[in-house]
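Working notes, structure below.
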Amino acid sequence: MLKWLRPLILLLLIGLLGIFGLRWTQQNMRNAIPSANSRVSPIILVPGSSATQERFDAMVNELNNKTKTTSSLLKVTVHTDNHLSYSGTFEPGRSHPYIVIAFENNDDGYSNIKKQAAWFNHAMTILSARYHFNHFSAIGHSNGGLVLTRYLEKYFNQQKMRINTLMTIASPYNFSETNIDKRTQMLTDLIHDNKKIPSNLVMYSVAGTENYNNDGTVPFASVEAGKYIFQKQAKNYTQITVTGEDTTHHDLPQNGEIVSLIQQYVLHISNTKQRPDVNVRH
């Protein structure tokens, strides 16, 4: 009786090991870091509250006018029922095609930023599969930068996707607070979860102001609060302050100095010199 049981038990153990080994292999294949970057690497643009998919038209036009190669512009709106609507074009053969991801529900507030981050993740899942990319850079204006930050902390999968560079423009990490000792719940949460920010991320936080107090909407101190989220987590964190003309909150995306900063730090085209009204802090 024992002689008959021993080979049976051995066969069962071998079978179980085979099943667990197969599952382990499949799981690691799903989580494997891509061996090579995809040929296409889009620039993802996320507008702020109350802004639509048209928000970056002027900025993209300026960038295309200043570069030798014109990049395509695809505009996407995520609706509250999760379906996506599209306009514009996506041309992978072009240098760094632009994709705007906007939201039908573009209201302000922390609860809505959480929803928008989830919608953004949904859109990225569809777009990356549809247009075959596994790495990207991103620019967020105002609350768009908060959506991107929340996305990186809650949804971003470092095994399946890479983010090269993140630039936020006038993003109010502490909302309307001017005193860093009075941290909003959002800032507290973003600091608490910042260990999930990719360690290879290159991050630029841009503020616009004439008096180092605000840009007419967002307090300078609120933009500066981003350092508590990204410093010592991202590979590099740089804060840039732009002063002078066209530095009101609404004008910042198409501000000439910021367009030049995008060329230099996101597109990696060094065709401009730093001017006195741009202050860079690492």
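Just so you know, these numbers come straight off a predicted model, no measurement behind them. Keep in mind that the numbers below use all heavy atoms, side chains included, and drop hydrogens, waters and symmetry copies.
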Pairing of D57 and K75 as salt bridge, 4.0 angstrom limit: yes

- Task: Report the C-alpha distance between N236 and M203 in whole Å, list the side-chain angles of each, state the deciding distance to 0.1 Å, and finish with yes or no for side chain to side chain contact (heavy atoms under 4.5 Å, CB included).
- Result: CA-CA 6 Å; N236 291 308; M203 162 64 179; over 6 Å; no

### Message
Between L74 and V100, is there a side-chain heavy-atom distance shorter than 4.5 Å?
### Response
no

| message | Using side chain to side chain contact (heavy atoms under 4.5 Å, CB included), reason through I180 and Y228 one step at a time and then give a plain yes or no. | response | CA-CA 10 Å; I180 192 57; Y228 297 104; 3.4 Å; yes

- Quick one: does N164's side chain have a donor or acceptor within less than 3.5 Å of a partner on V266's backbone? no

*Hey, are Q263 and T67 close enough side-chain-wise for a donor-acceptor pair under 3.5 Å?*
no

- Examine the side chains of D81 and H83 and answer whether a donor and an acceptor come within less than 3.5 Å of each other. yes

Value for CG (N157) from CE (M124), rounded to nearest 0.5 Å, stands at 11.5 Å

- Task: Please lay out, stage by stage, how L166 and S137 fare under the test side chain to side chain contact (heavy atoms under 4.5 Å, CB included).
- Result: CA-CA 6 Å; L166 170 64; S137 293; over 6 Å; no

Between T168 and Y173, is any side-chain donor less than 3.5 angstrom from a side-chain acceptor? yes

### Message
Testing the 3.5 Å rule here: is there a donor-acceptor pair between the side chains of T209 and D215?
### Response
no

- Query: Looking only at side chains, do R162 and N134 share a donor and an acceptor under 3.5 Å apart?
  - Reply: no

Charged tip of K114 within 45° of Y110 ring normal and under 6.0 Å:
yes

Looking only at heavy atoms, the pair that brings Y265 and T165 closest together is O-CG2, 3.7 Å

When hydrophobic residues are tied together by side-chain contacts of less than 4.5 Å, even through go-betweens, does L152 share a cluster with F103?
yes

What I'd like to find out is whether the side chain of H135 reaches to under 4.5 Å of the side chain of S41, using heavy atoms alone. yes

task: Would you tell me whether E104 and T77 have side-chain atoms, one donor and one acceptor, within less than 3.5 Å of each other?
output: no

Does H250 NE2 have over 12 foreign heavy atoms under 6.0 Å away? no

Q. Mind checking whether F120 and Y151 have parallel, tilted or perpendicular rings, split at 30° and 60°?
A. perpendicular

Flag the pair N213 / F220 as yes when at least one side-chain heavy-atom distance between them is below 4.5 Å, and no otherwise.
no

Heavy-atom nearest pair, F175 first then P219, reads O-CD, 3.8 Å

Residues G208 and L252: closest non-hydrogen pair is CA-CD2, 3.7 Å

Do V218 and M186 share a hydrophobic cluster, counting only Ile, Leu, Val, Met, Phe, Trp and Tyr and linking them when any side-chain heavy atoms are less than 4.5 Å apart? no

In terms of heavy-atom contacts, V76 and Y86 come closest through CG2-CD2, 3.7 Å

The single option from M167, H141, E257, Q239 that satisfies side chain to side chain contact (heavy atoms under 4.5 Å, CB included) with V206 is M167

Closest heavy-atom pair, I99 versus P42, reported as atoms and distance to 0.1 Å, is CD1-CB, 4.0 Å

Check: Is there a donor-acceptor contact under 3.5 Å linking the side chains of S49 and N106?
Finding: no

The reported gap from CD in Q254 to CD1 in I169 (rounded to nearest 0.5 angstrom) is 9.5 Å

Query - Flag side-chain contact, heavy atom, 4.5 Å: P97 against V40 - result: yes

Query raised in the report: Tell me, do R55 and P253 make a side-chain contact under 4.5 Å, heavy atoms counted?
Result: yes

Donor-acceptor contact present, side-chain D246 to main-chain D251, <3.5 Å
no

So do L84 and H79 actually touch side chain to side chain, heavy atoms under 4.5 Å? no

Tightest non-hydrogen contact, residues G145 and S171, listed as CA-OG, 3.3 Å

query = Yes or no on side chain to side chain contact (heavy atoms under 4.5 Å, CB included) for I191 and R183, after CA distance, side-chain angles and deciding distance?
reply = CA-CA 10 Å; I191 293 173; R183 295 182 177 179; 3.4 Å; yes

Q. Are the side chains of F230 and S205 in touch, meaning some heavy atoms are under 4.5 Å apart?
A. no

| query | If you group Ile, Leu, Val, Met, Phe, Trp and Tyr by side-chain heavy-atom gaps below 4.5 Å, do I240 and V223 land in one group? | reply | no

With a 4.5 Å limit on heavy-atom distance, are the side chains of I101 and L45 in contact? no

d(I229 CD1, L187 CG) to nearest 0.5 Å is 5.5 Å

